[in-house]
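The sequence lines fix the lettering, A, B, ..., with proteins before strands; numbering per chain opens at 1.
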Number of protein chains: 2
Amino acid sequence: MIRINRELLDFIGKIAADESNNFISQHNFSPKKIVIEQGDKIEFVHIIKSGIAKCYLTNEDGNIFIQEFFGEGVIFGEIEMFNEDETVCAVESMTDLVIYKISRNNFYKLLEENPQFNRLVLRALAAKIKFKAIRYSNSHLNPIETNLLLLKKQFPELFKTIAKPDIANYLGVTERSLNRSIKSLREKKLI
Amino acid sequence: MIRINRELLDFIGKIAADESNNFISQHNFSPKKIVIEQGDKIEFVHIIKSGIAKCYLTNEDGNIFIQEFFGEGVIFGEIEMFNEDETVCAVESMTDLVIYKISRNNFYKLLEENPQFNRLVLRALAAKIKFKAIRYSNSHLNPIETNLLLLKKQFPELFKTIAKPDIANYLGVTERSLNRSIKSLREKKLI
DNA sequence: TTAAGTTTGGGACAAATGTCCTTTTTTTAG
DNA sequence: CTAAAAAAAGGACATTTGTCCCAAACTTAA
């Protein structure tokens with residue numbers, strides 16, 4: 001449930017350690033800080049070095065839908081680079097967070113000059129699409145309880161790591177409904 | 001709502017027309033033919049030359065969730081290439097369909113040797129992610145009527161082009177609920 | 001043109017989820 | 001340790017969506 005991308009993290013770690021270029025800068029965030037704002041124009045691609053962040057979209061009524069929880073190695077901001085577009089989602093730190101940033105120009109340079117990086121970015125995008133396809137189809141085809149159970153199985157530390165309102169917004173339901181499902185699963189001794 | 005990718009279509013059209021290579025083959029399907037099966041290993045990347053297809057996932061109970069409607073220029077099968085994985089979704093023709101196919105090796109060759117193609121594929125993947133993010137957040141944050149109305153606005157020929165069961169499976173609701181919403185919107189003179 | 005077959009729409013009720021607000025539990029300040 | 005404040009849980013009712021099935025409308029064959 002918390003996405004990670006170890007191969008990308010390893011690769012970027014090496015580039016960042018290489019003193020001969022300064023493609024990559026590093027930035028620290030304490031919890032609950034906005035890393036990118038919904039609707040921003042952005043000039044940097046971001047990759048998570050450590051920590052957890054949430055990527056979410058707020059609609060006109062102020063309702064929130066959490067797209068993904070980002071963990072180590074996850075890249076973001078790249079979508080907007082490719083489409084020369086404003087950000088669709090906000091990204092906010094949930095723990096202490098360390099982020100690698102690469103400027104638009106350096107990102108393109110790396111993509112063009114480094115086939116390994118190019119491949120890693122292609123794979124990262126493909127993984128995001130696959131993940132979304134499965135997640136959304138599940139969430140439409142199953143009732144809340146089933147989805148919650150699935151989540152708990154994939155990620156046993158769920159309730160320790162993620163606050164309830166976030167779990168609710170990730171499942172696309174209200175907190176009330178989430179509580180109901182938790183209670184019912186507990187009564188059935190399923191969680 | 002029916003995805004298209006004109007820039008990719010134009011590019012591929014040129015490569016296909018170039019007699020000096022035979023990277024690209026062409027295939028015809030009549031309506032309601034399976035182009036790729038869910039769970040297949042695939043060895044080709046596909047790009048739609050003309051026609052419409054649906055991309056959908058069937059769960060254990062036989063319920064269907066339609067991910068996207070593919071129109072001209074849409075690439076598919078690429079996700080599975082990058083992740084060396086089985087297909088998550090099936091793709092089925094809805095009209096007469098003409099498809100360009102590129103073998104795994106030629107696809108990689110093109111990606112490596114042709115920066116323009118590389119960029120187009122990156123952009124295609126990014127567009128898919130953005131589309132899914134917006135679509136799914138809408139579908140969670142709005143009631144059926146709102147989503148149906150949105151769809152109808154984006155795509156006025158909706159009811160002429162797409163069969164009702166498909167619209168229902170795209171919205172992630174039952175046909176009964178779709179009918180209810182249609183009736184209610186008609187009564188309010190909104191469609 | 002009509003009767004059987006087939007498809008489409010909708011009624012009635014059931015189940016799931018949301019809204020609103022009160023109760024219970026936890027945290028904080030003094 | 002206690003009272004106030006804040007956060008979390010849940011009761012009661014409303015609304016939305018789903019299930020099941022029957023009725024209406026449309027096709028088809030004779």
Side-chain angles (χ1 to χ4, degrees), chain A residues 31-32 54 56-66 92 94-95 135-152 157-191, chain B residues 31-32 54 56-66 92 94-95 135-152 157-191:
Chain A
K32 301 196 183 176
K54 62 183 169 186
Y56 63 97
L57 197 151
T58 311
N59 78 352
E60 323 78 53
D61 306 329
N63 295 318
I64 288 172
F65 181 69
I66 296 184
E92 181 183 324
M94 297 172 70
T95 62
R135 158 159 144 74
Y136 296 133
S137 109
N138 276 340
S139 95
H140 267 111
L141 296 176
N142 298 327
I144 301 177
E145 274 190 35
T146 311
N147 285 321
L148 185 59
L149 208 51
L150 251 167
L151 224 54
K152 187 70 173 51
E157 320 91 87
L158 180 63
F159 295 112
K160 278 165 226 150
T161 313
I162 317 270
K164 271 197 186 171
D166 284 343
I167 299 177
N169 288 332
Y170 182 74
L171 291 172
V173 302
T174 59
E175 244 185 291
R176 182 70 192 88
S177 300
L178 176 61
N179 272 333
R180 228 186 319 249
S181 295
I182 291 173
K183 192 166 180 255
S184 154
L185 288 174
R186 287 218 174 106
E187 279 163 6
K188 297 187 213 151
K189 313 247 180 235
L190 292 172
I191 57 173
Chain B
K32 302 195 184 177
K54 62 183 170 189
Y56 63 96
L57 197 151
T58 311
N59 77 355
E60 322 77 52
D61 306 330
N63 295 317
I64 288 172
F65 181 69
I66 296 184
E92 181 183 324
M94 298 171 69
T95 62
R135 157 160 145 73
Y136 296 133
S137 107
N138 277 341
S139 95
H140 267 111
L141 296 175
N142 299 326
I144 302 178
E145 274 191 35
T146 311
N147 284 322
L148 184 59
L149 207 52
L150 250 166
L151 224 55
K152 187 70 173 49
E157 320 92 86
L158 180 63
F159 295 112
K160 277 165 227 151
T161 313
I162 317 268
K164 271 198 186 170
D166 284 343
I167 299 177
N169 288 334
Y170 182 73
L171 292 172
V173 301
T174 59
E175 243 184 293
R176 182 69 192 87
S177 299
L178 176 62
N179 273 333
R180 227 185 321 247
S181 295
I182 291 173
K183 193 168 181 252
S184 155
L185 288 173
R186 287 217 174 106
E187 279 163 6
K188 297 187 211 151
K189 313 248 181 236
L190 291 173
I191 58 172

Report the distance from atom CZ of B:F159 to atom P of C:dT8, rounded to the nearest whole Å. 14 Å

Separation of atom CD in B:E187 from atom P in C:dG9, rounded to whole Å: 14 Å

Measuring from atom CG of A:L57 to atom CD1 of A:I66, what distance do you get when rounded to the nearest 0.5 angstrom? 11.0 Å

Would you say B:K164 places a side-chain N or O within less than 4.0 Å of OP1 or OP2 belonging to C:dG9? yes

For atom CG of B:N179 and atom P of D:dC20, their distance in whole Å: 17 Å

Quick one: side-chain hydrogen bond (donor to acceptor under 3.5 Å, both in side chains) partners of A:S181, sequence neighbours excluded? none

Within a strict 4.5 Å, meaning less than it, do heavy atoms of the A:I191 and A:L158 side chains meet? no

Over its full length, what angle do the end axes of the helix from C:dT1-D:dA30 to C:dG30-D:dC1 make, each axis taken from five pairs and the result rounded to 10 degrees? 30°

Applying salt bridge (Lys or Arg N to Asp or Glu O under 4.0 Å), which residue pairs with at least one partner in residues 160-178 of chain B are found, sequence neighbours left out? B:K54-B:D166

So, do B:F159 and B:I167 sit near enough that their side-chain heavy atoms are less than 4.5 Å apart? yes

Would you call A:Y170 and A:I162 a side-chain contact if the rule is heavy atoms closer than 4.5 Å? no

Using whole Å, what does the distance between atom C1' of nucleotide D:dG18 and atom CD1 of B:I64 come to? 17 Å

Can you check the A:I167 CD1 to D:dA8 P distance for me, whole Å? 12 Å

Rounded to whole Å, CD1 of A:I162 lies from P of D:dA8 at a distance of 15 Å

Can you name the salt bridge (Lys or Arg N to Asp or Glu O under 4.0 Å) partners of A:E187, sequence neighbours left out? A:K183

Roughly, in whole Å, what's the span from CG in B:N63 to P in D:dG18? 11 Å

Going 5' to 3' through nucleotides 13-27 of chain C and flagging B where a protein heavy-atom sits under 4.0 Å of the base, S where only the sugar-phosphate is that close, and - otherwise, we get ----BBBB-------

Applying salt bridge (Lys or Arg N to Asp or Glu O under 4.0 Å), can you list everything that pairs with B:K188, at least two apart in sequence or on another chain? B:E145

Could you tell me the separation between the CG atom of B:L185 and the P atom of D:dT16, rounded to a whole number of Å? 12 Å

May I ask you to test the B:T146-B:L149 pair for a side-chain heavy-atom distance under 4.5 Å? no

